[in-house]
Amino acid sequence: MLRLRVLGPLGAEVAGTPVELGAPRQRAVLALLIAARGGVVPVDRMAEALWRGEPPAKASVSLHAYLSNLRRSLEPGRPPRAPAAVLVTAPPGYALRLAGDAVDAWRFESWVRRARDAPAAEARLLLAEALGWWRGPAFAEHADEAWAAAEVARLTGLRAEARELAVAADLRTGRVAQAATDAESLVRDSPLREEGWRLLALAQWACDRQADALSSLRRATAVLRDELGCDPGPALRRLEQAVLNGRLDVLRAAVPEPDDERPARTAPQRTGRGLFVGRGAELRAVDTAARAARQGGAVLLVTGEAGAGKSAFLDRAAARLRQDGWRVATGCSPEYEGAPPAWAWTEALGALAREAPPARPEGLTVPLREPENAAAAGRFRMHRVFAARLRAAASAAPLAVLLEDLHHADAETLALVEAAAAVTGVPLLTVAAYRPAEVGEHLLRTLARLAPGAPHRIALGGLPPRDTATLVDAVCGAPVDPATVAALTERTGGNPFYVLESARLLADRGAPVALSEVPQGVRDVLRRRLALLPAAARAVVQLTAVLGLEAEVALLVDAADAPEEEVLAGLDAALAADLLAEPGPGRVRFVHALVRDTVYADLSGARRSRLHTRVARLRRRHRPGELATPAHHFARSGNAADTPLAVDHPLPVADDTRPDGLIET
């Protein structure tokens, strides 16, 4: 399945594996076709756009080469000379032919459209997930191109509307404190949109903060007069009168009475990028790090596997810090190539500059945005300017900088993390989140350099059963029986993303399916993680999946078609990637049943049969008294000669059969 991303840096995945999109102008060809939203773009217009009105004489030749390269990347399985099915020729030019959910921007538009008419609880879930697809500005690396301007403006406006709809849904479901926090962010980012001010005043009024609500409405009036020379519209004027006159009927039209929709358990909260539940101890650890940072600076490292909820946790931590008087700036290291160096810091410091403009902005923004200037002036000077900017900002007000996906960070981003950690004597909290299983050489070196400073650390593991139950109930819209929740908790290991996807499957198709199948979103994430493993580790993981949820290392070594040292090296890599764990001496176990099921289901029938045959014969030879397990493997060997061996002890095997036909041994 092909997936394209433009809500942030341009990227593409085929069957969950990132693909290379080539040089900047070749990437621009794909972005331009995505911006056309399936429409045909004539060749001459493409040339004019790509070369900014001055196409060279052989522009068509270059354009043809770019398109050929992209077709090979986007359709790697297409036979030679077969017509392209994705990037097609459509006289007088080219077009992109994809399903509506293949591009994140198209999918985002569809989900926002659904949320407009959905019940409040459903709208909250739709919008939380859809907003989570944004990893930066739309068409980030091409946002300044004339051909992208209209689509960037349209998507940016749609994102602002989605955030407003999410706040309105929070109000309608009684989550007024969260709505107030998110609405503050709305008006800060889009101060000329009156709907944001209206929602902020409503949320503050619902929190018994009438004075703040009136203050916000008057701030809105001042902003609109100063920036646009006009007065607020009738909606804001009517709301101001309602607050002044105590018209609770106006408030209750948007916000129900506190008991209207109170859930049986404590309801999940919504951050900008997903549902959030639990993590009380971890949030208290953020408070501890913040208190230490107020005394002169601190570093906080947040780790967790894919799906552990690091983004939602950072959103909640940011809201908590803001409530405690901190100024918060955030940035994210993009997963795909094409972003400028130190992009996460560019994002964070750009947001900070908008909130608190530096005295000499060129001292920081030029070195970060133009690496050649930084090289000419010297990285040492740039780092000193950078540290001085952070020090000045933190001296004016406590400053927290939150950086996501540090495992994707380039060397310059990591160098600036080290420079920020060296800033002491001011209330500066540097928070960096990453996946420990994907730590590369550069990040490993940075972590080693941070270690002497004793950074604070938070490891986000699986949710406990009670929080898992809260999340499952919220998705299903009603309490789910404890046995099903316990089975989901065991199956997912409490990983919030896996729980969320499995709960959706439960709500749509019932418990038998949810407890046996791997949700597509989870499968995509796991396939990507598996693709990052070296070949030896993938082979070991596949063999382990055939053996079951748990296996003996000695049996793996004997059954593998590779030298012992290669098998052990593969096991080390799979353990480091958090796909396998060691429950006891000489044993390995998949961290989640979902991992095992994904690996097993992706094996070809021929490979699966051969591995079952190999394992069955090995166990029969080494353990002649154990018949049930070899019988299970012989039954799946697909070899007619093994049929008599497959029925030796059928009943014990049948007792262990899962709903999907897999056997846990």
Q | Leu30 and Gln26: CA distance, side-chain angles, deciding distance, side-chain contact (heavy atoms from CB on, under 4.5 Å) verdict | A | CA-CA 7 Å; Leu30 179 59; Gln26 181 170 299; over 6 Å; no
Q: Please assess Arg107 against Ser110 for the test side-chain hydrogen bond (donor to acceptor under 3.5 Å, both in side chains), listing each intermediate value before the final yes or no.
A: CA-CA 5 Å; Arg107 191 164 68 252; Ser110 173; over 6 Å; no
Q: Please step through side-chain contact (heavy atoms from CB on, under 4.5 Å) for the pair Phe590 and Asp597, ending with a clear verdict.
A: CA-CA 10 Å; Phe590 283 99; Asp597 289 359; over 6 Å; no
Q. Would Leu74 and Leu21 satisfy side-chain contact (heavy atoms from CB on, under 4.5 Å), going step by step from the backbone distance to the final call?
A. CA-CA 9 Å; Leu74 301 181; Leu21 296 178; 4.2 Å; yes
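Once rounded to the nearest 0.5 Å, the distance linking CD of Glu501 with OG1 of Thr492 reads 11.5 Å. For the atom pair CG of Asp315 and OG1 of Thr330, the computed distance is 8.0 Å after rounding to the nearest 0.5 Å. Interatomic distance, OH of Tyr434 versus CG of Asp405, reported as 13.0 Å (0.5 Å rounding). Here the CZ-CZ distance, from Arg37 to Arg154, works out to 3.5 Å after rounding to the nearest 0.5 Å. Expressed to the nearest 0.5 Å, how far CZ of Arg294 lies from CH2 of Trp326 amounts to 5.5 Å. Expressed to the nearest 0.5 Å, how far CZ of Arg320 lies from CG of Leu283 amounts to 4.5 Å.
Counted by atom type alone, Asp410 and Thr413 present one or more donor-acceptor pairs between their side chains at under 3.5 Å. Using a 3.5 Å distance cut-off with no hydrogens or angles, the side chains of Arg322 and Ser185 do not pair a donor with an acceptor. For the residue pair Thr446/Arg449, the side-chain donor-acceptor check at 3.5 Å is not satisfied.
A donor-acceptor pair is defined here as one N or O able to donate and one able to accept, closer than 3.5 Å; such a pair exists between the side chain of Trp197 and the backbone of Pro191. Judged by distance alone, with hydrogens and angles left aside, the side-chain atoms of Arg538 form a donor-acceptor pair with the main-chain N or O of Leu533 at under 3.5 Å. A donor-acceptor pair under 3.5 Å is absent between the side-chain atoms of Glu282 and the main chain of Leu460, judged by distance alone. At distances below 3.5 Å, not a single donor-acceptor pair connects side-chain atoms of Glu347 with backbone N or O atoms of Gly136.
The closest side-chain heavy-atom distance from Trp133 to Arg159 is not below 4.5 Å. Val6 places none of its side-chain heavy atoms less than 4.5 Å from the side chain of Leu4. With contacts defined as side-chain heavy-atom distances shorter than 4.5 Å, the pair Thr430/Leu390 does not qualify.
Considering all non-hydrogen atoms of both residues, Ala306 and Asn495 come closest at O-ND2, 3.0 Å. Nearest heavy atoms, Leu131 versus Ala162: CD2-CB, 3.9 Å. The shortest non-hydrogen separation linking Val167 to Ala179 is CG1-O, 3.8 Å. Taking every heavy atom of both residues into account, Ala121 and Thr173 meet most closely at N-CG2, 3.9 Å. Between Ala420 and Leu428, the closest heavy-atom pair is O-CD2, 3.8 Å. Nearest approach of Ala348 to Leu403, heavy atoms of both residues: CB-CD2, 4.5 Å.
Applying the ring pair (Phe, Tyr, Trp, His ring centres under 6.0 Å) criterion to Trp106, with sequence neighbours excluded, gives no partner residue. Checked against ring pair (Phe, Tyr, Trp, His ring centres under 6.0 Å), Phe108 has the following partners two or more places apart in sequence or in another chain: Trp134. For Arg523, the side-chain contact (heavy atoms from CB on, under 4.5 Å) partners two or more places apart in sequence, or in a different chain, are Val518, Gln520, Arg527, Thr598, Ala601, Asp602.
Remark: Asp189 engages Arg163 in a salt bridge, criterion side-chain N to carboxylate O under 4.0 Å. Contact check on Glu305 versus Arg529 returns a salt bridge, with a Lys/Arg side-chain nitrogen under 4.0 Å from an Asp/Glu carboxylate oxygen. Ion pair Arg5/Glu13 flagged as a salt bridge, since at least one NZ, NE, NH1 or NH2 atom sits closer than 4.0 Å to an Asp/Glu carboxylate oxygen. Taking the charged nitrogens against the carboxylate oxygens, Glu184 and Arg188 have no contact shorter than 4.0 Å, which rules out a salt bridge. Ionic pairing of Asp170 and Arg124 is present here: one or more N-O contacts between side-chain nitrogen and carboxylate oxygen are shorter than 4.0 angstrom.
Checking each of Arg193, Arg116, Arg113 against Glu161 for a salt bridge (charged side-chain N to carboxylate O under 4.0 Å, His left out) leaves exactly one that passes, namely Arg116. Of the candidates Leu7, Val152, Asp144, Phe139 forms a side-chain contact (heavy atoms from CB on, under 4.5 Å) with just one, namely Val152.
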